[in-house]
Number of protein chains: 2
Amino acid sequence: GQIIVRGAALKKDLARVELIGVPNKPGLASEIFSHVADRDIIVDDIIQVIHKGGETADLSFTIEADNLQAAHLVIEELRREMPGMTSEVKTDLAKVSVVGVGMRTHTGVASRMFEALHQANINIDNISTSEIVISCVVNAEDGPRALRAVHSAFELDQEPRGTA
Amino acid sequence: GQIIVRGAALKKDLARVELIGVPNKPGLASEIFSHVADRDIIVDDIIQVIHKGGETADLSFTIEADNLQAAHLVIEELRREMPGMTSEVKTDLAKVSVVGVGMRTHTGVASRMFEALHQANINIDNISTSEIVISCVVNAEDGPRALRAVHSAFELDQEPRGTA
Ligand SMILES: C[C@@H](O)[C@H](N)C(=O)O
Ligand SMILES: C[C@@H](O)[C@H](N)C(=O)O
């Protein structure tokens, strides 16, 4: 079907929490996010990849930066429950997203977005894509420039979109 | 705002490709996906997490299972270009998704979905969530049961959704 890129948006003031080495067995994603929800942390996107042939998982989620203190408390609670787990927190991030419809074979759209950021010499941190939204986390200072690069690559300049 | 879960869907016949240890510098996401697009591989979702304090990235994407042969060729090409990179391919997967609107603080919805799968003793492989879609990759054999568990958890039983 036709791929239509409707717009791009920039979400600012994000931080990224990564939990590394979560045992890959049923119930742990639920356990982790009930802790997160209990502390009223506002979660943006969640991604998880599996490692070591299925033995462990790395769970990464972006949060609003003013939730960082609560996030650190959750990390401590979880590390007590899962001693093998480690964590990485990165601050001062932003997320640039391309929104479209019919991006079922959206590789071409994703490639174009990744290449736009490459041409702007902007490094991509977390990536999360679906048929509807392609999102790239970047350093906060690169955010506005990343949005312009994507607007330009998808010829959205004539119809500026607001920031998210 | 109000979180409204509209429906759930099951996508079958997926495989997952994971590229581990991709150097974390601008241009590599673009490089990888232009290779993938060149071979006409139909990509479902793409996720990337960053490791080692920013040194490397792990890129994971789901593809339609009949693209596996092409995917293996791409992996070989990429491994020649990026000698430090390793890969993991997992087959016989399905993806169960919950679709909603206004899931901006969607942690509660995500928790509920993760817990539904936990109660069904179904292990979650890759996870990818946004304001609109929460997706969990599971073993193919768990797919139909995962869809039922999610339908039940969100009380969608009365309005059965088709498979994707
Ligand atoms: C790691 C975690 O996602 C686990 N696989 C679960 O199903 O909960
Ligand atoms: C790893 C890869 O995503 C790299 N960070 C890039 O920007 O292309």
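Chain A is the first sequence line, chain B the second, and so forth, proteins listed ahead of strands; every chain is numbered from 1. Nothing here was measured: the structure is a model prediction, and the numbers come from that model.
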Asks: Are any of the side-chain heavy atoms of R16(A) and I50(B) separated by less than 4.5 Å?
Replies: yes
Asks: Count the heavy atoms belonging to other residues, nucleotides or ligands that lie under 6.0 Å from CD of E55(A), then report whether that count exceeds 12.
Replies: no
Asks: Applying the 4.5 Å side-chain criterion to the ILVMFWY set and letting contacts propagate, would I63(B) and L73(B) be lumped into a single cluster?
Replies: no
Asks: Contact part of A57(B) toward chain A, heavy-atom cut-off under 4.5 Å: side chain, backbone, both or neither?
Replies: neither
Asks: Check each atom of I124(A) against the heavy atoms of chain B and say whether the ones under 4.5 Å are side chain, backbone, both or neither.
Replies: both
Asks: Measuring from atom OG of S111(A) to atom CD1 of I32(B), what distance do you get when rounded to the nearest 0.5 angstrom?
Replies: 10.5 Å
Asks: With side chains defined as the heavy atoms from C-beta onward, is the minimum distance between E131(A) and V133(B) less than 4.5 Å?
Replies: no
Asks: Check whether I41(A) and V109(B) end up in the same hydrophobic cluster, where Ile, Leu, Val, Met, Phe, Trp and Tyr are linked by side-chain heavy atoms less than 4.5 Å apart.
Replies: yes
Asks: Using 30° and 60° as the class limits, which term best fits the ring planes of F114(A) and F33(B): parallel, tilted or perpendicular?
Replies: tilted
Asks: List the steps, then state whether side-chain hydrogen bond (donor to acceptor under 3.5 Å, both in side chains) holds for E31(B) with H118(A).
Replies: CA-CA 10 Å; E31(B) 176 71 12; H118(A) 172 218; over 6 Å; no
Asks: Kindly work out whether a path of hydrophobic side-chain contacts (I/L/V/M/F/W/Y, heavy atoms less than 4.5 Å apart) joins V5(B) to L10(B).
Replies: yes
Asks: Which one, D58(A), I127(A), L28(A), L117(A), leads in non-hydrogen pairs under 4.5 Å with chain B?
Replies: I127(A)
Asks: Any idea which of N121(A), I20(A), V49(A) has the most non-hydrogen atom pairs under 4.5 angstrom with chain B?
Replies: V49(A)
Asks: Do F154(B) and V96(B) sit in one hydrophobic cluster, given that two such residues count as connected whenever their side-chain heavy atoms are within less than 4.5 Å of each other, even indirectly?
Replies: yes
Asks: Relative to chain A, which segment of K52(B) carries a heavy atom at a distance below 4.5 Å: side chain, backbone, both, or neither?
Replies: backbone
Asks: If hydrophobic clusters are built from ILVMFWY residues whose side chains come within less than 4.5 Å, do L68(A) and L93(A) share one?
Replies: no
Asks: If you count heavy-atom pairs under 4.5 Å between each of V137(A), N126(A), I47(A), N123(A) and chain B, which one has the most?
Replies: N123(A)
Asks: With respect to chain B, which residue among K90(A), Q119(A), Q48(A) yields the maximal number of heavy-atom pairs within a distance under 4.5 Å?
Replies: Q48(A)
Asks: Flag the one option from N24(B), L59(B), I122(B) with the top tally of heavy-atom pairs under 4.5 Å to chain A.
Replies: N24(B)
Asks: T129(A) pairs by side chain to side chain contact (heavy atoms under 4.5 Å, CB included) with which of V43(B), D44(B), I46(B)?
Replies: I46(B)
Asks: Side chain, backbone, both or neither: which part of E115(B) has an atom under 4.5 Å from a heavy atom of chain A?
Replies: both
Asks: Looking only at non-hydrogen atoms, find the nearest pair between H51(A) and E88(B) and report the distance.
Replies: C-OE2, 4.0 Å
Asks: Of all of A116(B), G54(B), S30(B), which one pairs up most often with chain A through heavy atoms under 4.5 Å apart?
Replies: S30(B)
